[in-house]
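Residue numbering restarts at 1 for every chain, and letters A, B, ... go by the order of the sequence lines. Values below: all heavy atoms of this structure, side chains included; hydrogens, waters and symmetry mates excluded.
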Amino acid sequence: MPGSGPTLQNVALMQAFTESTFGTDATGSLGSFTSIPFQEGTGTFTLDREQHNPLHALQYEHDYQEEILGKKSATLSFKIPFMATGTAAGSATAAVQSPLGLLFKLALGGETLGTGSTAASGWTAVTGDAASGSGFAKGTALGWVNASSEYEMRPLKNVSSDTLTLKLAFSGSPSNGNVLYSSASYYPIADNDSSIQFVVRGLESQDEFVLLGGQLDSMTFELPLDGKIPMVSFKWKFVHWIPGADSAGSASLTDLTPVTYSNFDPIVGHAGRLLVQTNGTTTYSGTARPTVHASALSFEPSFPYVPVTSPSGVNGVLRWRMTRNPGTPRIAGSITTYFESYTSSFFSDRDDKLDRLIWYQNGLTAGSSWAIEVPTAQFGPVQRVDAGNIASVQAMFKGRRDGDITSASADRDRAPFRIHKG
Amino acid sequence: MGHTKTAEIKTRLRELLEDGAGAFRAINASRFAGGLHEGQSEAHQTRLGILAQLPCETRISKSLPHPQRLVITGNVQIEMLEITVLVVRTVAIAGQVDDDVRDAIDALAAEDANVICQAFEWPPNLVTTTAGAATDLKGMIFQGSDHRLIGTAGKAMRLETIHRFEATAVSRPATT
């Protein structure tokens with residue numbers, strides 16, 4: 001490290017790894033850690049160690065008991081661009097995992113990396129054959145570049161051999177030989193027992209720490225529609241931490257040098273498409289519903305984890321377990337759009353208790369796009385609001401198990417919330 | 001070393017403005033032309049502004065730290081550029097006293113803003129130059145237009161409009 005402190009807080013490195021054994025130092029394989037491109041100035045962490053007062057009786061009125069050192073724990077917070085991968089999973093090309101994909105997989109548990117193909121003849125806007133359907137799966141996304149060179153992503157409803165069927169139509173029909181892009185898709189699974197380990201390093205030679213036995217504390221999305229970069233704010237919690245000098249990989253913790261972020265393609269947030277369509281209806285329109293011209297958009301995932309304790313655990317923790325708060329959906333959010341109609345609107349969606357697919361695609365280029373899917377959402381409350389002096393409607397929604405994919409046999413098929421990178 | 005691809009960005013913006021480039025929301029290739037630069041006399045610029053194909057010039061007016069920049073330890077950094085497009089329209093002497101002529105020129109100058117905005121704000125238009133060179137330009141957002149009438153009464157005057165954009169680009173600093 002270039003000398004001792006004082007050093008700049010904003011020059012730092014953060015690397016993450018999926019633990020194979022809960023809370024066990026994996027830095028002996030530091031080369032397998034993934035560098036995280038977090039936003040400058042947003043990375044903060046705490047290194048906690050409990051101290052407990054035994055409260056034994058004292059004989060001097062101004063004395064105080066010596067406290068006993070307890071167990072360690074840590075927290076880590078940072079913002080990271082809601083990135084694409086930069087790799088278009090086109091014909092015979094596999095989708096790849098980005099640094100953000102690694103974090104989504106750890107937090108939610110599920111990941112499917114598909115492989116693209118090409119379209120056979122005979123496609124409609126909803127269904128057709130691929131040259132090879134083996135790289136696609138229901139519950140993932142399918143991409144296609146239309147005649148205007150706009151990249152469209154749509155949710156896959158079913159894959160039967162080479163026949164692909166969408167939940168929602170493309171704007172047109174892929175022609176014979178057109179590339180069909182697959183996706184890197186992330187979704188919650190039952191009983192995700194993954195844990196994450198971070199190495200956080202500053203410029204000073206001893207400003208380096210390993211945070212072990214981690215899992216998600218919270219995840220929030222910032223989805224600006226004004227050209228800024230969409231971001232994901234993460235908070236992680238850990239059961240243990242050690243200084244770098246005490247880690248298995250201490251010999252590798254040499255001077256801080258620039259690193260390569262793999263599969264990292266930051267994109268801006270003003271170009272995409274929001275689609276809201278009834279489950280089971282495939283009709284698409286680029287100007288009217290299901291296209292929604294939103295002025296604001298939010299998705300609020302809720303995947304709380306609690307520690308499973310054990311005397312033989314790491315600082316008393318055996319593993320993390322995703323829990324469920326009664327009456328709290330895994331995914332909720334809101335859409336704000338200008339007031340256009342009452343009878344065909346989120347008001348009527350609410351009153352008719354319609355099951356609606358919410359599909360938000362950001363990015364219009366293959367390999368530089370992503371989509372958020374709430375496959376079956378119920379709208380309500382719905383309110384008339386003032387949005388920047390535009391007469392508007394704000395509609396809240398809550399997501400449920402995917403009600404549009406039939407023969408759901410895997411967690412991916414049933415997931416109430418998915419993120420696709422295409 | 002992977003600096004911001006400013007040369008490719010400038011090339012692409014000129015292609016979008018002057019060559020009708022872009023897969024979608026392209027600007028008509030007969031709307032704008034180059035040939036506007038510092039050092040030209042007012043008289044010369046006034047003559048250029050009469051042409052059906054309007055003179056324009058794109059400048060990178062500022063390079064700024066992006067508010068969402070990343071830590072510098074990586075091989076990717078997010079950059080912000082302020083970009084201006086200058087367009088000149090000439091208002092001939094006779095037109096200066098003709099309401100319809102003045103209105104038409106005002107309207108066209110304002111229309112320029114939306115024409116350019118639609119082409120620039122469509123991210124797929126920005127990805128590569130016509131020759132296929134990557135720009136690493138992720139997006140552009142219109143910030144506003146300023147119109148001003150320049151010249152002396154009794155002579156042809158110029159309506160100069162500066163269209164301002166904020167651009168998000170990526171640089172790729174070396175790691176070795």
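Nearest heavy atoms, A:P37 versus B:L70: O-CD2, 3.4 Å. In this structure, B:V170 and A:P266 approach most closely via the heavy-atom pair CG2-CG, 3.8 Å. Among all heavy-atom pairs drawn from B:A174 and A:P258, the shortest one is O-CB, 3.7 Å.
Put simply, the side chain of A:Q39 gets close to the backbone of B:P67: a donor and an acceptor are under 3.5 Å apart. Proximity of a side-chain donor or acceptor of A:H270 to a complementary backbone N or O of B:G139 within less than 3.5 Å is not detected. Counting only distance, with no hydrogens or angles, the side chain of B:Q68 and the backbone of A:I229 share a donor-acceptor pair below 3.5 Å. Side chain of B:T73 to backbone of A:A12: a donor-acceptor contact under 3.5 angstrom is found.
Atom CD of B:Q143 has more than 12 neighbouring heavy atoms from other residues, nucleotides or ligands inside a 6.0 Å radius.
When heavy atoms are compared at a cutoff of 4.5 Å, B:E121 approaches chain A by way of both its backbone and its side chain. Heavy-atom distances place both the backbone and the side chain of A:K228 under 4.5 Å from chain B. Only the side chain of B:V127 comes within contact range of chain A, with at least one heavy atom under 4.5 Å from a heavy atom of that chain. Contacts between B:M80 and chain A at a heavy-atom distance below 4.5 Å are absent for every atom of the residue. With a threshold of 4.5 angstrom between heavy atoms, A:T260 approaches chain B through its backbone and through its side chain. Heavy atoms of A:M14 lying under 4.5 Å from chain B are absent altogether.
Ranked by heavy-atom pairs under 4.5 Å with chain B, the list A:V259, A:L13, A:N10 is led by A:V259.
Here the CG atom belonging to B:D136 is positioned 8.0 Å from the CG atom belonging to A:D265, to the nearest 0.5 angstrom. The distance from the OH atom of A:Y261 to the CZ atom of B:R172 is 13.0 Å, given to the nearest 0.5 Å. Of the inter-residue distances, the one linking A:T365 atom OG1 with B:W122 atom CH2 reads 9.0 Å to the nearest 0.5 angstrom.
Contact annotation: the side chain of B:I72 approaches that of A:V11 to within less than 4.5 Å [non-hydrogen atoms, C-beta and beyond].
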